[in-house]
Amino acid sequence: DAHSPLGQLECMSKQEKEQVLRAFNDTQQDFPTDKTYLDLFEEQAEKAPHLVAIVQEHQFLSYEELRTSALQLAGFLSGETGVQQSEPVVILMDRSIPLMVAIFGVLMSGAAYVPIPTSFPEDRVKQLIEEVKPGILISQKKQNRLLNRLQWECPSVHSLVCLDSDNFLLEAEQEQN
């Protein structure tokens, strides 16, 4: 009808609409109950090591690169910090490729990760750390100001791991926005 409002016009047949809304969205899939998320990741990394695992803006990381970086972090956590099986490890990072490296690295070390968003106020971050009592905190150098305070105010934290710095204690503190 030429006089109908644009929002009331149908541009697809009922069959096409059903296909788009139901058939194309039927993505339910059973996942194995005998495998962990880490097991599934390892299988995918073995099958397709050069495929892209993570994309963030114009950065890409293949399954092989992600696995290699995560294994390096896992080795550091196990060897240098003495992380224990199922020990909580706080990850205080923005959503990013390094965050995924940290998550997989913690899981590969056998520990449990506890993500804390960097958008949380400092008092809330401290409260969560006091509740979780992690021995290890993983972050990035842009959080140095907060990390410097946390190392003194949170006695359970014995190791600070800064993924983008060899020695975050020598890094200048950055202003928080």
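Along the sequence shown, residues carry numbers from 1.
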For residues 76-84, please give each side-chain donor-acceptor pair under 3.5 Å, one per line with the distance, not counting sequence neighbours.
residue	atom	partner	partner atom	Å
Ser78	OG	Ala74	O	3.1
Thr81	OG1	Leu77	O	2.4
Gln84	NE2	Gly82	O	2.9

Please tabulate, for the side chains in residues 109-116, all donor-acceptor contacts under 3.5 angstrom to protein atoms that are two or more places apart in sequence or on a different chain.
residue	atom	partner	partner atom	Å
Ser109	OG	Val106	O	2.6
Ser109	OG	Ala111	N	3.4

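Applying the side-chain contact (heavy atoms from CB on, under 4.5 Å) rule to Ser86 yields no partners; only residues at least two apart in sequence or on another chain are considered. Taking the side-chain contact (heavy atoms from CB on, under 4.5 Å) definition, one finds that Glu10 meets it with Lys17, sequence neighbours left out. For Ser119, the side-chain hydrogen bond (donor to acceptor under 3.5 Å, both in side chains) criterion is met by no residue, not counting sequence neighbours. In terms of the side-chain contact (heavy atoms from CB on, under 4.5 Å) criterion, residue partners of Ala102 (sequence neighbours excluded) are, by chain and number, Leu73, Ile91, Met93, Ile138, Leu163. Residues passing the side-chain contact (heavy atoms from CB on, under 4.5 Å) test with Glu18, sequence neighbours excluded: Arg22.
Applying the salt bridge (charged side-chain N to carboxylate O under 4.0 Å, His left out) test to every pair with at least one member in residues 93-106, sequence neighbours left out, gives these pairs: Asp94-Lys142. Listed by first and then second residue, the salt bridge (charged side-chain N to carboxylate O under 4.0 Å, His left out) pairs that reach into residues 54-72 are Glu42-Arg67, sequence neighbours excluded. Residues in residues 43-54 take part in these salt bridge (charged side-chain N to carboxylate O under 4.0 Å, His left out) pairs, two or more places apart or across chains: Lys35-Glu43. The stretch residues 152-162 participates, sequence neighbours left out, in these side-chain hydrogen bond (donor to acceptor under 3.5 Å, both in side chains) pairs: Lys126-Glu153.
Gln44 approaches Leu51 most closely through the heavy-atom pair NE2-CD1, 4.4 Å. Across all non-hydrogen atoms, the minimal contact from Leu92 to Gln143 is O-CG, 4.3 Å.
Ring-plane geometry between Phe41 and Tyr63 is classed as tilted, the angle between the planes lying from 30 to 60 degrees on a 0 to 90 degree scale.
Residue Phe60 is found in a hydrophobic cluster whose other members, listed by chain and number, are Val52, Val55; membership requires side-chain heavy atoms under 4.5 Å apart, directly or through intermediates.
Between the side chain of Asp164 and the backbone N or O of Gln140, no donor-acceptor pair lies under 3.5 Å.
Summarising the geometry, atom SG belonging to Cys154 is positioned 10.0 Å from atom NZ belonging to Lys133; distances are rounded to the nearest 0.5 Å.
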